[in-house]
Amino acid sequence: MYAPERCCDRDVLLACFDAARRIALIRPEAPGDGQRLSLPATERRTGEPYRRAAVRLARTMTPAGVLRLGRVTGRIPAAAQCAPARRRAERRLFTAHVSSPDVLHAPWDGTQLAWLPHGDAAAQLAHLAIADLDLFLQGYLQGWIPDGWITLG
């Protein structure tokens, strides 16, 4: 697996927070190679539910049971600027929590985690084409988004 660069490469994304409400972002180990910070992400396998793909991604980042999926999931419609051949019907943004950043590691070789305050994350992730990402992160952490599904954009 490799770190996604374009907005349409992966259809399951993970916003993982630590106890200090920082969010884990993926960054390449070699700075300056043109890759930007990104959310951990994976592509669903044929017939695989979104949630199962999110759990599979979480298990690549930490031992089972250490990362807890949140109760809010963002549904992201297909990004208009992506080429039709690469466009997914939609993507899902799952929320997750870990008690300590030390128990989480990057899911791909050649990458590492960067922990940013959640308020700074959306600006770093504009290339993922997730409308209202900043409001989603803020609303989730402040508790004013109800449990369940929310459509972004």
Side-chain angles (χ1 to χ4, degrees), residues 1-28 35-62 64-99 101 104-108 111 113-153:
M1 235 190 264
Y2 59 93
E5 175 60 21
R6 290 187 297 263
C7 63
C8 300
D9 285 342
R10 302 287 179 245
D11 53 3
V12 174
L13 301 111
L14 192 62
C16 184
F17 303 96
D18 68 1
R21 295 183 166 202
R22 295 178 304 164
I23 188 169
L25 300 181
I26 304 295
R27 70 173 179 201
Q35 291 194 20
R36 298 172 273 196
L37 293 172
S38 190
L39 288 168
T42 193
E43 188 171 328
R44 289 181 306 135
R45 297 175 178 152
T46 303
E48 182 179 33
Y50 285 95
R51 186 171 185 84
R52 187 172 300 156
V55 168
R56 179 171 43 84
L57 174 60
R59 287 184 179 153
T60 66
M61 298 176 68
T62 190
V66 175
L67 189 100
R68 177 183 56 81
L69 287 181
R71 294 185 178 147
V72 176
T73 302
R75 179 188 164 276
I76 307 162
Q81 73 268 28
C82 294
R86 297 192 55 81
R87 191 175 301 146
R88 304 266 182 240
E90 62 187 33
R91 296 176 288 161
R92 297 277 199 280
L93 174 57
F94 288 84
T95 53
H97 299 269
V98 65
S99 59
L104 202 65
H105 60 274
W108 310 292
T111 60
L113 291 179
W115 289 91
L116 270 69
H118 71 275
D120 297 343
Q124 297 293 324
L125 301 172
H127 63 284
L128 294 178
I130 302 173
D132 301 322
L133 178 61
D134 53 343
L135 291 174
F136 174 80
L137 297 175
Q138 179 183 9
Y140 173 70
L141 290 172
Q142 292 179 359
W144 48 265
I145 294 178
D147 291 352
W149 294 91
I150 185 165
T151 299
L152 302 173

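Note: hydrogens, waters and symmetry copies are ignored here, and every other heavy atom, side chains too, is used. Nothing here was measured: the structure is a model prediction, and the numbers come from that model.
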ring-ring contact (aromatic ring centres under 6.0 Å, His included) partners of Tyr50, counting only residues at least two apart: none

Test salt bridge (charged side-chain N to carboxylate O under 4.0 Å, His left out) applied to Asp134 - qualifying residues, sequence neighbours left out: none

Okay, side chain of Arg21, backbone of Leu141: is any donor-acceptor separation there less than 3.5 Å? yes

Among residues at least two apart in sequence or on other chains, which ones pass side-chain contact (heavy atoms from CB on, under 4.5 Å) with Ala19? none

Applying side-chain contact (heavy atoms from CB on, under 4.5 Å) to Arg51 and Val12, what does each step give before you reach the verdict? CA-CA 8 Å; Arg51 186 171 185 84; Val12 174; over 6 Å; no

Please name the pair of heavy atoms, one in Ala53 and one in Thr42, separated by the smallest distance, quoted to 0.1 Å. O-CG2, 3.7 Å

When rounded to the nearest 0.5 angstrom, what is the spacing between CG in Leu13 and CD1 in Ile76? 5.5 Å

Scanning both residues in full, the closest heavy-atom pair of Arg91 with Ala129 reads NH2-O, 3.2 Å

Once you round to the nearest 0.5 Å, how far does CG of Leu128 lie from CZ of Arg10? 12.5 Å

Looking only at non-hydrogen atoms, find the nearest pair between Glu43 and Arg56 and report the distance. O-NH2, 3.1 Å

Just to verify, what does Gln138 make a side-chain hydrogen bond (donor to acceptor under 3.5 Å, both in side chains) with, not counting sequence neighbours? none

Looking at every non-hydrogen atom in both residues, tell me the closest pair between Leu104 and Cys16 and how far apart they are. CD2-SG, 3.6 Å

State whether the side chain of Asp18 and the backbone N or O of Arg22 hold a donor-acceptor pair below 3.5 Å, judged by distance alone. yes

Under the ring-ring contact (aromatic ring centres under 6.0 Å, His included) rule, collect the residues that match up with Phe17, sequence neighbours excluded. His97, Tyr140

Set of residues satisfying salt bridge (charged side-chain N to carboxylate O under 4.0 Å, His left out) with respect to Arg27, sequence neighbours excluded: none

Heavy-atom closest contact (Pro40 atom, Pro107 atom, distance): CB-CG, 4.5 Å

Return each pair, listed once, that meets side chain to side chain donor-acceptor pair (under 3.5 Å) where at least one residue sits in residues 113-124; pairs must be two or more places apart or across chains. none

Give a yes or no on whether the backbone of Ser38 and the side-chain of His127 come within a donor-acceptor separation of less than 3.5 Å. no

Less than 4.0 Å between a side-chain N and a carboxylate O, is that true for Arg44 and Asp11? yes

Under 3.5 Å, sequence neighbours excluded: what are the donor-acceptor pairs made by side chains of residues 142-153?
{"residue": "Gln142", "atom": "OE1", "partner": "Trp144", "partner atom": "NE1", "Å": "3.0"}

side-chain contact (heavy atoms from CB on, under 4.5 Å) filter on Ala106, not counting sequence neighbours, yields Ile26, Thr111, Leu113

As an exercise, state the distance from CG of Leu137 to CD1 of Ile130, rounded to the nearest 0.5 Å. 8.5 Å

Closest non-hydrogen contact found for Ala15 with Ile23 is CB-CD1, 3.8 Å

Please tabulate, for side-chain N and O atoms in residues 66-75, each donor-acceptor pair with protein atoms closer than 3.5 Å (sequence neighbours left out).
{"residue": "Arg75", "atom": "NE", "partner": "Glu90", "partner atom": "OE1", "Å": "2.7"}
{"residue": "Arg75", "atom": "NH2", "partner": "Glu90", "partner atom": "OE1", "Å": "3.1"}

